[in-house]
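Presented below is the structure to which this report refers.
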Number of protein chains: 2
Amino acid sequence: MILSRIILGLLAIAPMTGADLKRHFDSTVTHLWSADKAQIYRTLAALVEQGFASVTVVPGTNAPDRQEHRLTDAGRAALLAWLRSDLDRQPEREAFLARLFVADALDDADVTALVQRRRTAALEQLALYDGIRASTPAATDRGQRLRLATLDHGMRHVRTELEWLDSLEEQLR
Amino acid sequence: MILSRIILGLLAIAPMTGADLKRHFDSTVTHLWSADKAQIYRTLAALVEQGFASVTVVPGTNAPDRQEHRLTDAGRAALLAWLRSDLDRQPEREAFLARLFVADALDDADVTALVQRRRTAALEQLALYDGIRASTPAATDRGQRLRLATLDHGMRHVRTELEWLDSLEEQLR
DNA sequence: CGCCTCTAGTTGACAAGTCGACTAGCGGCG
DNA sequence: CGCCGCTAGTCGACTTGTCAACTAGAGGCG
């Protein structure tokens with residue numbers, strides 16, 4: 001459901017093929033949603049079947065044919081309906097916190113190592129966000145401002161994560 | 001996988017039935033993982049089959065019989081192996097950010113309403129965490145300290161979320 | 001007595017997401 | 001020529017998570 005709406009939202013920016021979408025899920029939206037190739041193609045097929053997108057085959061130059069998908073009026077309506085509907089209830093899924101919650105089974109050194117690994121991961125994530133931001137055009141219109149805000153979200157939260165790790169390590173000392 | 005290890009971790013604290021576990025997933029660990037009843041019972045059965053837990057039927061007083069599950073040595077070993085293994089790569093799944101990313105399809109008023117709904121949700125979550133903390137014993141041993149740290153994590157992040165929403169609203173004005 | 005409710009546990013169907021293998025056209029290279 | 005690698009797309013099998021209906025014993029209540 002959510003994936004299908006994100007795809008509609010991306011198609012609202014420009015017509016795209018499954019491969020184009022996959023590239024977005026690996027770069028511009030990777031900080032908020034990820035999707036498998038197979039899942040993208042299948043969702044795309046479902047959207048076409050529901051009349052939310054239409055397909056045009058564009059003969060590929062130096063490559064296979066491209067199946068360009070474009071948003072239909074019904075698709076735009078479905079996107080708007082989702083955007084105005086109640087927020088999706090999202091189950092919390094924090095694998096690292098889960099480990100910490102049951103980490104009393106480890107000795108002190110292993111707990112410290114666990115926390116260290118998390119710090120490394122957080123730093124990598126921060127670097128990733130910096131990379132995405134570097135390759136994103138500056139905010140000109142409102143749409144771009146909103147998209148940049150989602151990146152800002154990620155960066156603020158990673159910084160909070162690092163601060164929390166600091167306080168946790170101090171506590172464990 | 002992760003769910004099964006969390007269950008092993010909970011069984012390490014005390015022997016439990018499926019219903020006991022469900023209560024934990026609805027209260028003490030709800031801020032980091034959630035699980036459906038059916039999933040818990042099925043995972044529990046798989047753990048028994050793998051020899052990571054054993055079952056004892058305790059005749060219920062004023063209630064149905066209880067199938068108490070206790071951690072076996074193999075179960076404890078599996079838990080330790082997970083705790084020492086590489087961190088689980090978790091796909092980012094931020095439904096709200098997804099909405100914001102494609103929210104340019106909305107007019108200004110609807111975008112503001114969207115952000116407001118998120119603020120409400122964040123405040124509710126903060127209240128939930130306060131509730132959980134209020135019903136949690138103070139930190140006496142290291143295990144309890146670690147478990148409280150996961151709550152602290154949630155609260156810090158909700159506060160960061162609220163700050164981010166402030167800055168977002170200011171930007172939209 | 002029949003009915004309701006509570007607790008504990010079970011089951012089937014299904015949606016969502018993951019993984020790996022595979023088709024197929026094109027261009028480059030030795 | 002045959003092979004490699006690139007891009008686009010397809011498929012089957014599988015895991016994980018969700019939903020709703022259901023069994024079944026115990027106690028309370030009118």
Side-chain angles (χ1 to χ4, degrees), chain A residues 1-8 10-11 15-27 29-30 32-50 53 55-69 82 88-95 98, chain B residues 1-8 10-11 15-27 29-30 32-50 53 55-69 82 88-95 98:
Chain A
M1 179 62 188
I2 297 179
L3 177 65
S4 70
R5 302 304 118 142
I6 299 175
I7 290 179
L8 290 181
L10 291 173
L11 293 184
M16 291 184 202
T17 66
D20 293 335
L21 286 167
K22 178 57 179 156
R23 274 186 287 274
H24 273 284
F25 280 100
D26 287 344
S27 58
V29 298
T30 196
L32 56 87
W33 208 269
S34 62
D36 184 81
K37 208 181 162 189
Q39 210 188 344
I40 291 171
Y41 279 104
R42 280 193 264 246
T43 304
L44 217 32
L47 288 173
V48 171
E49 212 196 334
Q50 291 167 89
V55 204
T56 325
V57 178
V58 178
T61 51
N62 302 358
D65 291 355
R66 297 163 46 80
Q67 297 188 22
E68 290 234 309
H69 291 72
W82 176 61
D88 319 82
R89 273 213 315 324
Q90 271 206 273
E92 298 286 343
R93 293 246 177 274
E94 300 268 6
Chain B
M1 180 61 188
I2 297 179
L3 178 65
S4 69
R5 301 306 118 143
I6 298 174
I7 290 179
L8 290 181
L10 291 173
L11 293 183
M16 290 183 205
T17 65
D20 293 335
L21 286 165
K22 178 57 179 156
R23 274 185 288 275
H24 273 284
F25 280 100
D26 287 343
S27 58
V29 297
T30 196
L32 56 89
W33 209 269
S34 62
D36 185 80
K37 207 182 162 188
Q39 211 190 344
I40 291 171
Y41 280 104
R42 280 194 263 245
T43 304
L44 217 32
L47 288 174
V48 171
E49 212 194 335
Q50 290 167 91
V55 204
T56 326
V57 177
V58 179
T61 51
N62 302 359
D65 291 354
R66 296 164 46 81
Q67 297 189 21
E68 290 234 308
H69 291 72
W82 176 61
D88 320 82
R89 273 217 310 322
Q90 271 206 274
E92 297 286 342
R93 294 242 177 279
E94 299 268 5

Classify the nucleic acid contact of A:K37 as base, sugar-phosphate or nothing, counting any heavy atom under 4.0 Å across all strands shown.
-> base

For A:H69 and for B:Q39, find the nucleotide of DNA chain D with the closest heavy atom, then tell me which residue's nucleotide is more 5'.
-> A:H69

Under 4.0 Å: is that the gap between some side-chain N or O of B:R23 and OP1 or OP2 of C:dA8?
-> yes

For A:R89, report the nucleic acid contact type (base, sugar-phosphate, nothing); a contact means any heavy atom under 4.0 Å.
-> nothing

Could you state the atom-to-atom distance from CG of A:D20 to C1' of D:dG9 in whole Å?
-> 13 Å

When you check the phosphate oxygens OP1 and OP2 of C:dT10, does a side-chain N or O of B:Y41 lie under 4.0 Å from one of them?
-> no

Rounded to whole Å, NZ of B:K22 lies from P of C:dG9 at a distance of 14 Å

Donor-acceptor pair under 3.5 Å: do we get one between B:R42's side chain and the base of C:dG12?
-> yes

Could you state the CD-P distance from A:Q90 to C:dG17, rounded to the nearest angstrom?
-> 10 Å

Residue pair A:R93 / B:Q90: nearest heavy atoms and the distance that separates them | O-NE2, 2.7 Å

Distance, nearest 0.5 Å, that separates CG of B:L8 from CG of B:L47 | 5.0 Å

In whole angstrom, give the distance that lies between atom CZ of A:F25 and atom P of C:dT18.
-> 11 Å

Report the C-alpha distance between A:L21 and A:Y41 in whole Å, list the side-chain angles of each, state the deciding distance to 0.1 Å, and finish with yes or no for side-chain contact (heavy atoms from CB on, under 4.5 Å).
-> CA-CA 9 Å; A:L21 286 167; A:Y41 279 104; over 6 Å; no

Using a heavy-atom cut-off of under 4.0 Å over every strand shown, decide if A:A35 touches base, sugar-phosphate, or nothing.
-> nothing

First of B:P91 and B:E68 reached from the 5' end of DNA chain C, by closest nucleotide = B:E68

Closest heavy-atom pair, B:R23 versus B:D20, reported as atoms and distance to 0.1 Å, is NH2-OD1, 2.6 Å

A:M1 has an atom CE; how far is it from atom P of D:dG17, in whole Å?
-> 21 Å

A:D36 atom CG is separated from D:dG9 atom P, nearest whole Å, by 15 Å

Scanning both residues in full, the closest heavy-atom pair of A:H69 with A:L11 reads O-CD2, 3.5 Å

